[in-house]
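Step one of this worksheet: look at the structure below.
Not measured: the values here are computed from a predicted model.
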Amino acid sequence: MDTLAAELGVRAEDVVRAATPRGSVLLGFPCEPKACLDVWRRARERYATTGLWPFVTHTSPLDWEWADAPGDSHTDQYHGPILDRLTELQRSELLEEAALFGPARAFPAPVRDLEDLARRLTGAAPAAAASPPRSADERLATFFAAPPEWICLVPTEDPALLPELLDAPDTPNHTPFPGREGLSYRDHAAVLREWHDRYGAEICYLDTDAVLLSVERPPSDPYERARVAIEQYAYCPDFDQFLGGLPEIAAHQVPNRAWFFWWD
């Protein structure tokens, strides 16, 4: 860490360390808000050498909130991709979204299933694209009451596992599973693993109630964008509080290289 800190222009005495309940260590140092993403990118470039995955956050390692246990993964119970499970469990709510962006003339009948919803969404999404998508810098600078001022790093061989390693994000109000069970930290990790494998999505910002992903290969095909928008809404139904509905997700977030999620 000392070598990396020196490369990033960080004084060794500014690096703080906190032991984690999983037997690891969470490192961190304060950064200038406008420089945090640049520092993250530079630390990310050194990950293969350091084994330390960086992320921007509002919280010092000394103030990090830990859970008693990471929780069981629902993928273990249902033996399938968790995003397929999430969309199927919320099928009714997702189909109701079609009424909010209006039935296209080509589809006068009620929406039948998720495939039909995705086809309709490919026509509705361009109409929502009046404003340009927000960059990661703009999202972090404008969404929160104050911008993040910490870079944290955690040793891991698999950055998709950060939710399980760090007990974040905590999303108790999103309860899509039977018995009104919410997503466990292992569930969050499984979701991020799927998007990493398909699109190169990596955690850039992480805190108690939000995640920002840096996406190397966002989908370009309109139908695939629509399907991913449905997945993202099933993962984070609180989009309507800060971005909009399915057309806005498909137009402004999915094609972008920064995917932002926040839970109330």
Could you pull out all residues at least two apart from [X] that satisfy salt bridge (charged side-chain N to carboxylate O under 4.0 Å, His left out)?
X   : answer
E96 : none
D63 : none
E7  : R46
E13 : R11

Quiz item: Under 4.5 Å between any side-chain heavy atoms of L4 and L153, yes or no?
Solution: yes
Self-check item: Mutual orientation of the aromatic rings belonging to F239 and Y233 [parallel < 30°, tilted 30-60°, perpendicular > 60°]
Solution: parallel
Quiz item: At what distance, to the nearest 0.5 angstrom, does CG of L117 lie from OG1 of T87?
Solution: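 Interatomic distance, L117 CG to T87 OG1, rounded to 0.5 Å: 10.5 Å.
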Quiz item: Should the pair R85-E88 be classified as a salt bridge under the 4.0 Å nitrogen-to-oxygen rule?
Solution: no
Excluding sequence neighbours, so at least two apart, what forms side chain to side chain contact (heavy atoms under 4.5 Å, CB included) with [X]?
X    : answer
R17  : M1, D2, V15, V25, L27
R198 : L83, E194, W195, V228, E231
H58  : F144, P148, Y205, D207
A18  : P61, L62

Quiz item: Which pairs count as ring pair (Phe, Tyr, Trp, His ring centres under 6.0 Å) when at least one residue sits in residues 7-51, sequence neighbours excluded?
Solution: Y47-W53
Quiz item: With sequence neighbours left out, what residues match D238 under side chain to side chain donor-acceptor pair (under 3.5 Å)?
Solution: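 By the side chain to side chain donor-acceptor pair (under 3.5 Å) rule, D238 matches Q241.
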Quiz item: If you look only at pairs with a residue in residues 147-161, which of them pass as a side-chain hydrogen bond (donor to acceptor under 3.5 Å, both in side chains), with sequence neighbours excluded?
Solution: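 Residue pairs with at least one partner in residues 147-161: D158-R193.
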Quiz item: What residues, two or more places apart in sequence or in another chain, satisfy disulfide (SG to SG under 2.5 Å) together with C36?
Solution: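 Residues passing disulfide (SG to SG under 2.5 Å) with C36: C31.
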